Every structure is written in structure tokens, then in C-alpha cells.
2 protein chains.
Amino acid sequence: MRVTIKEVAIEAGVSLSTVSRVLHNNSKITEETKDRVNKAIKKLGYHPNFIASSLAGKPTKTIGIVIPNDSDELFKNTFFINAMRGISIYAQKKGYFLMYSFSKNDEEEVRFIEKYIRSGWVSGIVLLNAYENDKCINYLKDNDFPFVIIGSPSESKDINWVDNNNYDAMAEVVELLISKGKKNIAFIGGSKNLRVTKDRFAGYLSVLEKNKITPQSGLHFFRNSFSESEGYNCTMEIIYSGIEFDSIVTTDDLYSYGALKALEESGRKNIMVTGFNNTPKSSYINPSLTTVEINADELGENAARLLIEHLENKNLKPSGVLINSNLIERETTT
Amino acid sequence: MRVTIKEVAIEAGVSLSTVSRVLHNNSKITEETKDRVNKAIKKLGYHPNFIASSLAGKPTKTIGIVIPNDSDELFKNTFFINAMRGISIYAQKKGYFLMYSFSKNDEEEVRFIEKYIRSGWVSGIVLLNAYENDKCINYLKDNDFPFVIIGSPSESKDINWVDNNNYDAMAEVVELLISKGKKNIAFIGGSKNLRVTKDRFAGYLSVLEKNKITPQSGLHFFRNSFSESEGYNCTMEIIYSGIEFDSIVTTDDLYSYGALKALEESGRKNIMVTGFNNTPKSSYINPSLTTVEINADELGENAARLLIEHLENKNLKPSGVLINSNLIERETTT
DNA sequence: ATTATTTATGCAAGCGGTTGCACGTAAACC
DNA sequence: GGTTTACGTGCAACCGCTTGCATAAATAAT
């Protein structure tokens, strides 16, 4: 059997409570008894039993991570592992345990969250949602359970979130194109309902305005799914429309791959293209794609920080954190 | 406060023990009381508290996963996330929770394992070690703690492991080359101390022998680190040596990338090259690389299966499982 | 010296389940 | 009809730790 607090108490000649107090050094214990207890702990090789400790009321110091498993897109894979690693870096530093589960769909996602909460295992949850999942958020809010979401919530409900500074990131991209003499910049993005699309589009518009360029709605595209073919189609639409354009920015590398394909097929030269998310493929293709690295590690790390801070200080107000991204210049903008 | 077994007992008009027994339906309880209890459970929305249950002696049904975090290369491929997903698929089906931690180095790895065990949280461990880590294995064996390792142990110590059928996989690769008329096949692999290298090399030799081709030691390379530059160097060595060769097999895509570079630089044509691990880059480069998909999902899934089976049946003997891989033919072998 | 105040430590009641053993009742036996 | 057997259920101890409250000793105040 493992060494328990009881053996330590006997060895040190004190009561169980004293040992427990030494362990949490919360009460004023004489240096002398503290020493005795610590020696006993060392001598017996005692390690506290977290389960018992949790049952008795201490927080579990465990965070549950829920990962959607419904998307095969590659970038998400590196995104997830990096985010998970980021979370682990902060959590481990703070002595927290990490649990994870992959969910096939929204419904399962809620079920897992429920299980995490009801079982008593975890004291906080990180939602690694690439997109909206109001079911989860509502469930967590209804249960008043601490959580943080990576990605911004659609409306600014008062919850904890961590996201990129999408406005600035896209602004930087557009600045780059303008500095290269581009003026007619097309925009291909996801659904306009997504906060991320709105922010990136706003960043795009801001730079146009700053440079006294009138935005042309004929160059703006919002699609409901992320895929190469959507990028291809949008680009073809522009070409057929006859609207003048000299460059394309997108909110996801996938769109850009499609755009590049369309440009090549239609023989259009000197059109600069940029992407978003720095997917693995972006550096291997020819020409290599200028894109934005979103720093998933940092997103994860800050998500963990935010959550743990709120776990340890219950009356902190929910807040959001913006993480900077890096523009990676490659061949499609030269 | 959450609903406890006590409220259920009162609601159903039975004792705590009866409710507990219904929950585990291990003793003979009348259908009628069983019904009453189940109704009460449903009515009150009762969910068992795993923490209490674990304290009272039930297994935690939680598996700890330890991931080495010391190599950035490892994060370029999707091995880990896929293995983790594979593990989750089986574990979740069986109602197990999953914990993970990234470790910076061997030492930290052992520390995390120790923490997992001593805290009482986990009842089994999956080692996601790309290579040997005897410290961990020894620690786990010394403590007689259930675990499984993904990758084969160096010697066949009696432990649970899951690995690819590296012998057959490499044999298939070499068969392919021979079927294309190749005879002088170079081999570039990792350290010969690694079981994985030994197995793949053995598979390679077996096919040569079967085809009455005499292996030439001048075409065999074993390097201690996995990197593009090692692959480059080995290939250059062959070229300088003047030994005739018409193809190269490697035990990792990274070597192959280096080899391709060397071949291109030196203007050698018609040399077929194959890799291993199906890294993302392998399909994007030009020419695309013929390689072997090792099916990380399946490795993970089977690791979880093996571990859970042993957890639930203590007197099972340790065993190993071989997972098939798939040869992916691409342009470097056409 | 006596009483009031502080302080370090111990006591014991939980936290929410599990389970060996005891017990009462009903069925089975002679 | 009385005794044995089997079976379903309850009692209570326990898992290892936490913590409010009580207590005894030490210190300060009068």
C-alpha cells in the first residue's frame, strides 16, 4: 500500500491535521514541527493522494480539453497539437493535469463536457473550437462552469477567450500588398457570420481607406466552407467579371491554393496572393505562399493562463486576449 | 450541490448500498427495486462522482499519455495527433478518460510518470516514445504499473507494445523497386541500435536475398539523427564512392528529401527514391515521394486496446501487436 | 499572582462512494 | 409445522485527506 498521511503523522509524532497543514503551509505551524513532518515525508517517500484530496474539497487542478474531430484539414492538425502543447506548457508549470477528448460532432462534444463536469474530474475546460458551438458554450454557462474558448465568441458574451488579432493581421497583409504597388485587392473569406471573417475584413477595409482606395464589392467574397475549390471559383468569378484586380488576400490558405490554381489555368500573371494560417503545404508549393502564422502555441498557452487565473480567483471578470500573428513573406508576393 | 447517491436512495426508498449495487449491477437485486432506483436516478439527474468512486477503490479509468517534446521535427508530421486521436477512439468507447503531458526531456518524462502514478489519478500509461527511453520503462516496471509503449522495445522485455510491421513494410518497398528493375538499392537508416532500424534493414536484406542480390555494405548507412542533411551526406558519399546504385530506400522521409536534393545537384537521373512515414511534405514536393504510411491512428487505437485489456484483466501476459502500414506509390518510383 | 488573549495543535465530522458481513424474510426441505 | 437454505437489502467501516472548532499551553495584560 502507498504511504499515507497517517504514517507520516505517526512517524513525525503529530496528528493528521498537522501533516495536512504542513502540506499546504496555510496555517502557522512551528518551524520545528514543520521540519519534523517534512523529514518524515522525505523518509517515508510520501506523495499526496490527489483523489482523496479532491474528494475532501480541494480543486482537482485538472483541465479538460475538448477537440472537434470532424475536420480532416491538415492545418487543423498542426494547429491542434501546437495548441495542446501550448496549453500544457502553462498548465504543467502551474501543476495542473490535462485531460483531452476528441468529439465526433457537436452533440458528442456536449456529452463529453457534461461527463467532465459531472464526474468531478476537471475544474475547468478549454474549448478548442475552430468555429462556433453555442451548445457547448450555453451548457457551460448554464452550469456556471469555468472555461475558456480559443477563437472569439460570435458576440461578446462575457466569457473568456483567446484569439489572434485578426484585424491587425489582415491589415498588415494588405499594407504589404499596397507597399508593393497593388491597388485592386480582392478579398476571399469565410462566412460573414464568423467573427474571424468580420475582423479580417475590417482590417482589410481599414487599410484601403487609409490609402484612399475605394473598396469594390465585386472583389469581396464570403463563402460558407473552407476549401480549395471555393477559392478557385471565387477567382474565376473575378476573372469572368472583368473587374480589374492585381492581388488577392484570403482568410485561409486553402482559398489561396484554389486561387493560385485558377490564376495559373487562366494564364494570369503578376497577381499577388496571400493566405492565412501557414499550413504546412504553404512553404512547399511552387511558388510558395505568403501567409500568416497564427501562433497556435501562444493561443494555447494564453488560454491555459486565462483559465487558471480565473480558477484561482473566482471573482475575476471574464476577459479576452489577443495574440499577435506573424506575416510570413514568400514567393507569391514577390 | 450535485445530486449524490444519498438523495437517490431516499427518493427510491432504499439504502445507499442498494443504489451503489444497482449502479454496478453486480449483485442480485430484484428487478423491481432496480427499476425504482433507476427511475430515481433519472428523475434527479444523478451522475456518479468518479472521484469518490475512485477513492473507495474503483479504478480511475483514466489513462496517462506521455509525449516527448524535445524535437521540432516530430511536430512536422502528424504522428502524435493521429496517435492521440487513435487512443481516444478506443478509450472513449470504453469510458476511459485521457490525460496527457508533454515532457521536455527524459528526466521530466519520468517525473511526469511518477506524478501520474503517485497522485493516484491514472491507472495505466501510454508511452509515445519515438525512441528508447529505458528510464521510463524501468520506472514503470519497478513500480509494476500497467503501461504500453508505441514502438518496440529494444529487447523483447516482457512489456506491452504496439508497432508497425517494419520488416514487412520495408520488404514491400524493396519488392517494388526490384519489380521496376532496380538491383543496386542503397539503404539509409537511423541508428542500428534502434529496433525499428534493425527490422527495416532486415526486411530490406530479406528481399535482396530472395532475389539473389548480394547486399553491398558500401550502400548501407546508419545515422544517429534524423535529418535532411544526413540523407544528403549519405547520398553524396555513395556518389563519390563510385559504387553503382540505381535506387535508395530510407527509413524516414527526411533522409529522402536530402537524398533527392543530392541527386538533383549532382545531376543523377533515374534513381528511384523511397521514404517512410508519409510526412505531409512528401506529397507536395516535386517529384512527389513514394513513402510508407504507418497508420498512427491504428497504432494509438491498438495501444489503448492493449492497455485497457490488461487493466481489466490483471493476469494477462504482456504482448506485442504489429500494425500494417501502406506503401504509397508516388512519382519518385516511376 | 490572576485573568485575558493569543497561538499551535488535535479532534472528529465530513467529502461520496464501495463492500464484507449481518440480518430478516420467503422459499425449500424433511 | 418446524427447520434449513437462499436471497435481497441494510449497516457501518473504510478509502485518504481537509478543515471548523475545541483545547491546552504560552504569552501578555492587569
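Since this is a predicted model, take the numbers as computed values, not measurements. Note on naming: letters A, B, ... go to the chains in the order of the sequence lines (proteins, then strands), and numbering restarts at 1 for each one.
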Enquirer: May I ask you to say what Phe50(A) touches in the nucleic acid, namely base, sugar-phosphate or nothing, with a heavy-atom cut-off under 4.0 Å?
Expert: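 Result for Phe50(A) = nothing.
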
Enquirer: Check the distance between dG8(D)'s C1' and Lys34(B)'s NZ and give it to me in whole angstrom.
Expert: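 Taking atom C1' of dG8(D) as the reference, NZ of Lys34(B) is at 12 Å.
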
Enquirer: Please check the phosphate of dG10(D) (OP1 and OP2 only) for any side-chain N or O of Thr18(B) closer than 4.0 Å.
Expert: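 Affirmative; the distance criterion is met.
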
Enquirer: Any side-chain N or O of Ser53(B) below 4.0 angstrom from OP1/OP2 of dG17(C)?
Expert: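 Result: no.
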
Enquirer: Look at Lys58(B) and dT19(C) and indicate whether a side-chain polar atom (N or O) is within less than 4.0 Å of OP1 or OP2.
Expert: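 Checking dT19(C) against Lys58(B), a side-chain N or O does come within under 4.0 Å of OP1 or OP2.
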
Enquirer: Grab the CD1-P distance between Ile10(B) and dG16(C) for me, whole Å please.
Expert: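 My rounded result for the distance is 13 Å.
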
Enquirer: Base, sugar-phosphate or nothing for Ser20(B)? Non-hydrogen atoms, less than 4.0 Å.
Expert: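 Touches a base.
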
Enquirer: Which sits closer to the 5' end of DNA chain D, Glu32(B) or Leu55(B), going by the nucleotide each is nearest to?
Expert: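 Closer to the 5' end of DNA chain D: Glu32(B).
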
Enquirer: Using only heavy-atom distances, decide whether a donor-acceptor pair under 3.5 angstrom links the side-chain of Arg21(B) to the base of dG10(D).
Expert: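 Yes.
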
Enquirer: Is the terminal nitrogen or CZ of Lys141(A) (NZ for Lys, CZ for Arg) located under 6.0 angstrom from the six-membered ring centre of Phe147(A) and within 45° of that ring's axis?
Expert: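 No - Lys141(A) does not lie over the ring of Phe147(A) by the 6.0 Å and 45° rule.
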
Enquirer: Under the 3.5 Å rule, do the base of dC17(D) and the side chain of Ser17(A) count as making a donor-acceptor pair?
Expert: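 In this structure, the two groups form no donor-acceptor pair.
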
Enquirer: Applying a 4.0 Å non-hydrogen cut-off, can you work out what Ile5(A) is touching in the nucleic acid: base, sugar-phosphate, or nothing?
Expert: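 Touches sugar-phosphate only.
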
Enquirer: Do the side chains of Arg85(A) and Asp297(A) get close enough for a salt bridge, i.e. N-O under 4.0 angstrom?
Expert: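 A salt bridge is present here (some side-chain N lies under 4.0 Å from a carboxylate O).
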
Enquirer: For Asn49(B) and dC15(C), what is the distance between atoms CG and C1' respectively, to the nearest whole Å?
Expert: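 Distance, rounded to whole Å: 9 Å.
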
Enquirer: Indicate, with a heavy-atom threshold strictly under 4.0 Å, whether Thr33(B) touches base, sugar-phosphate, or nothing.
Expert: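 Sugar-phosphate only.
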
Enquirer: When the distance from NZ of Lys6(B) to C1' of dC11(D) is rounded to whole Å, what number comes out?
Expert: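 My rounded result for the distance is 14 Å.
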
Enquirer: Taking the side chain as everything from C-beta on, heavy atoms only, tell me whether Ile125(A) gets closer than 4.5 Å to Ile63(A).
Expert: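 In short, these two side chains do not touch, never coming nearer than 4.5 Å.
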
Enquirer: Could you check whether Val19(A) gets within reach of a base, just the sugar-phosphate, or nothing at all, counting any heavy atom under 4.0 Å?
Expert: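 Result for Val19(A) = nothing.
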
Enquirer: Quickly work out the Leu44(B) CG to dG16(C) C1' distance and round it to whole Å.
Expert: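 Result: 15 Å.
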
Enquirer: In terms of side-chain heavy atoms, does Thr60(B) have a donor or acceptor partner in Ser54(B) at a distance below 3.5 Å?
Expert: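 The criterion, which ignores hydrogens and geometry beyond distance, is not satisfied for Ser54(B) and Thr60(B).
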
Enquirer: Rounding to a whole Å, what distance do you find between Ile29(A):CD1 and dT7(C):C1'?
Expert: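 So the CD1-C1' distance, Ile29(A) to dT7(C), works out to 11 Å.
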
Enquirer: When the distance from NE2 of His47(B) to C1' of dG17(C) is rounded to whole Å, what number comes out?
Expert: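 It works out to 16 Å between those atoms.
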
Enquirer: Map Leu23(A) and Thr30(B) onto DNA chain D by nearest heavy atom, then report which one ends up closer to the 5' terminus.
Expert: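 Here Thr30(B) is the residue nearer the 5' end.
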
Enquirer: Applying salt bridge (charged side-chain N to carboxylate O under 4.0 Å, His left out) to Glu114(B) and Arg111(B), what does each step give before you reach the verdict?
Expert: CA-CA 5 Å; Glu114(B) 187 175 0; Arg111(B) 275 228 323 283; over 6 Å; no

Enquirer: Figure out the NE2/P separation between His24(A) and dG16(D), and round it to whole Å.
Expert: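 Rounding to the nearest Å, NE2 of His24(A) and P of dG16(D) are 16 Å apart.
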
